[in-house]
Amino acid sequence: MDAMSSEDLSRAQLELFHHSLGFVKSMALKCAVDLGIPNAIHLHGGCATLSEIIAGTGVCASRKLHVHRLMNLLTVSGVFAASSAATGATANAPGNGGEAVAYQLTPMSRLVVDSNKLGSMAPLIRFLVNPLTVPTFFDMHAWLKADEQAGGAGASSTTFFKMAHGCSVYEMTRKNADHNALYNSAMVAASPTTMEIILREAAGCDIFGGVSSLVDVGGGHGAVSVAIAAAFPHVKCSVLDLPRVVSQACADGVTAVEFIAGDMFVFIPKADAVLLKWVLHCWGDDNCVKVLRKCKEAIPAGGGGAGGKVIIIDAVMGAGPAFASNKETQVLYDVHMMHIDGVERDERGWEKIILEAGFRAYKLVSLVGIHSVIEVYP
Ligand code: SAH
């Protein structure tokens, strides 16, 4: 190996620390959400000192210096902003215990405030960083080495989650009521922000033009369909999901849309359009092709402008804005999906399953960050 310059050596070492400590960022964000720090800042008029945050969250006053260090990290990573409490000038949370600093919300932390008009995305953070899933990543290397043919520890596990827990994520949601509630609340919490972006885009892209009925397959508790029905009252929306999900949604009192209990691999009710949001990325190609074939049977043939289409909302790897965090989030998401045997697809990956399922054409209608819209025509 060539000798590195001191500058390169120290940069490389720093990057290694940066990567290895990346999990602290996730944990600090979850900690702030669990403590209710974004709510406390919001309730304090959008700007709060450390003492005000401590008073607003019930954190023990003796931990003040530790909260200051937490806020320092969250400010450097952009979750909060900091300015001098006296002058208002941008500050980087100096080491005086934080009292001279006023912390503010950034666009990111505004999304986890309870009174946010789109609802708080806090349940999504709690789900992505949950104690049943995160530790299973410790077994990723062992799972990758486990030879499926030869047998041995982990060999028959489709995912490292299953290797760790002896069951898939779906089985876990069936047998662990807390995990099920965490999962469902995360799906509900994530949808309004996504739908706000997509419905704004939809106006320009005419996604729902000519669609008078829509079935939201794997629609969970119906948050997406409720948003579509509100924005496009002429579209009759129904949600197809597994019986236990539908009965929970009905028990929760969601009435704006019709719920149908069923299995998308067996039957999808007829409609002008079938919506699949965050469903196909949970499955490998063979299963996706099976679901897409069922979707094709459910919509009018011919398609095009007057309905007869499948609308997929999922990530398209490599698409969207060029900034670094977009690209990194996409690949993080992809590896994250390995724990449920899911996959994020690039355009070629989407094209492959769409054509294999017998569709004629598709169009990437909107590529907004982590959620893109693909229209698929029979
Ligand atoms: N579309 C929702 C939920 C996505 S999570 C949203 O964007 O918020 C995937 C959903 O697929 C879950 O609600 C899960 O219960 C559902 N699902 C999984 N297998 C299914 C099947 N065989 N038939 C119907 N729905 C299924």
Side-chain angles (χ1 to χ4, degrees), residues 118-121 123-124 126-128 130 133 158-159 161 167-177 179-199 214-229 237-252 254 256-269 271 273-284 286-295 297-298 310-315 333 336-337 339-344 368-374:
L118 297 170
S120 168
M121 286 182 72
L124 182 73
R126 293 197 182 98
F127 175 67
L128 290 177
N130 80 72
T133 303
T158 44
T159 62
F161 185 98
C167 67
S168 71
V169 172
Y170 300 113
E171 286 156 354
M172 184 62 87
T173 58
R174 260 198 299 278
K175 64 185 194 187
N176 181 326
H179 198 66
N180 187 40
L182 195 66
Y183 178 81
N184 289 327
S185 63
M187 294 304 118
V188 171
S191 288
T193 305
T194 304
M195 290 317 291
E196 174 80 7
I197 301 165
I198 286 173
L199 291 172
L214 176 143
V215 56
D216 180 5
V217 170
H221 283 214
V224 171
S225 287
V226 168
I228 295 171
C237 294
S238 41
V239 173
L240 175 86
D241 210 301
L242 297 168
R244 74 193 154 78
V245 177
V246 165
S247 59
Q248 187 59 50
C250 294
D252 288 352
V254 185
V257 294
E258 184 196 355
F259 282 91
I260 301 158
D263 180 345
M264 64 189 176
F265 289 100
V266 178
F267 175 71
I268 294 174
V274 172
L275 177 72
L276 291 160
K277 174 176 169 283
W278 277 10
V279 172
L280 296 180
H281 77 160
C282 301
W283 301 91
D286 291 350
N287 280 320
C288 285
V289 169
K290 282 183 199 156
V291 172
L292 285 168
R293 286 196 178 127
K294 289 288 167 202
C295 292
E297 289 169 16
V310 178
I311 303 165
I312 298 171
I313 301 178
D314 247 321
Y333 204 8
H336 178 79
M337 290 305 286
H339 84 281
I340 63 164
D341 203 21
V343 59
E344 300 302 333
V368 276
I370 203 76
H371 298 116
S372 295
V373 181
I374 309 171

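Nothing fancy with the numbering, it's 1 onward along the sequence. One-based numbering, in listed order, for ligands and for the atoms of each.
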Problem - Side-chain donor/acceptor of T173 to backbone N/O of Y170, under 3.5 Å - result: yes

Exercise for the section: Classify the contact between F267 and ligand 1 as side chain, backbone, both or neither, using a heavy-atom distance cut-off of under 4.0 Å. Expected result: neither

Exercise for the section: Show which atoms of ligand 1 fall inside a sub-4.0 Å distance from at least one heavy-atom site of W278. Expected result: 4 (C), 5 (S), 7 (O), 9 (C)

Fill in the blank from the handout: Per-atom filter on ligand 1: closer than 4.0 angstrom to a heavy atom of W283 are 19 (N)

Exercise for the section: Would you mind checking which non-hydrogen protein atom is closest to atom 18 (C) of ligand 1, with the distance to 0.1 Å? Expected result: L242 CD1, 3.9 Å

Fill in the blank from the handout: protein heavy-atom neighbour closest to atom 11 (O) of ligand 1 works out as G218 CA, 3.6 Å

Practice task
Give the numbers and elements of all ligand 1 atoms closer than 4.0 Å to a heavy atom of M187.
Solution key: 5 (S), 8 (O)

Exercise for the section: Identify, by atom number and element, the atoms of ligand 1 in contact range of V245, meaning under 4.0 Å from any of its heavy atoms. Expected result: 15 (O)

Handout entry: Protein contact to atom 15 (O) of ligand 1 [nearest heavy atom, distance to 0.1 Å]
Key = D241 OD1, 2.7 Å

Problem - Short side-chain to backbone donor-acceptor contact, D241 and G220, under 3.5 Å - result: yes

Practice task
Name the closest protein heavy atom to atom 7 (O) of ligand 1, giving the residue it belongs to and the distance to 0.1 Å.
Solution key: K277 NZ, 2.7 Å

Exercise for the section: Decide whether the shortest distance between a heavy atom of Y183 and an atom of ligand 1 is less than 4.0 Å. Expected result: yes

Fill in the blank from the handout: G220 heavy atoms within 4.0 Å reach ligand 1 at atoms 13 (O)

Handout entry: Closest approach of M337 to V343 (non-hydrogen atoms, all atoms of both residues)
Key = CB-N, 4.0 Å

Practice task
List the atom of C288, the atom of W283, and the distance in Å for their closest heavy-atom pair.
Solution key: SG-O, 3.5 Å

Handout entry: For atom 23 (N) of ligand 1, the protein heavy atom that lies nearest, with its residue and separation
Key = M264 N, 2.9 Å

Handout entry: Contact check, S191 vs ligand 1, heavy-atom distance below 4.0 Å
Key = yes

Exercise for the section: With the side chain counted from C-beta on, respond yes when L275 and I228 share a heavy-atom pair under 4.5 Å apart, and no when they do not. Expected result: yes

Fill in the blank from the handout: If we number the atoms of ligand 1 from 1 as shown, the ones under 4.0 Å from a heavy atom of F265 are 22 (N)

Problem - Mutual orientation of the aromatic rings belonging to W278 and Y333 [parallel < 30°, tilted 30-60°, perpendicular > 60°] - result: perpendicular

Practice task
Kindly say whether S168 contributes a backbone atom to a donor-acceptor pair with the side chain of E171 at under 3.5 angstrom?
Solution key: yes

Exercise for the section: Would you kindly specify which portion of D263 sits under 4.0 Å from ligand 1, judged on non-hydrogen atoms: side chain, backbone, both or neither? Expected result: both

Handout entry: Heavy-atom side-chain contact between V217 and K294 under 4.5 Å
Key = no

Handout entry: Side-chain (N130) to main-chain (F127) donor-acceptor, under 3.5 angstrom
Key = yes

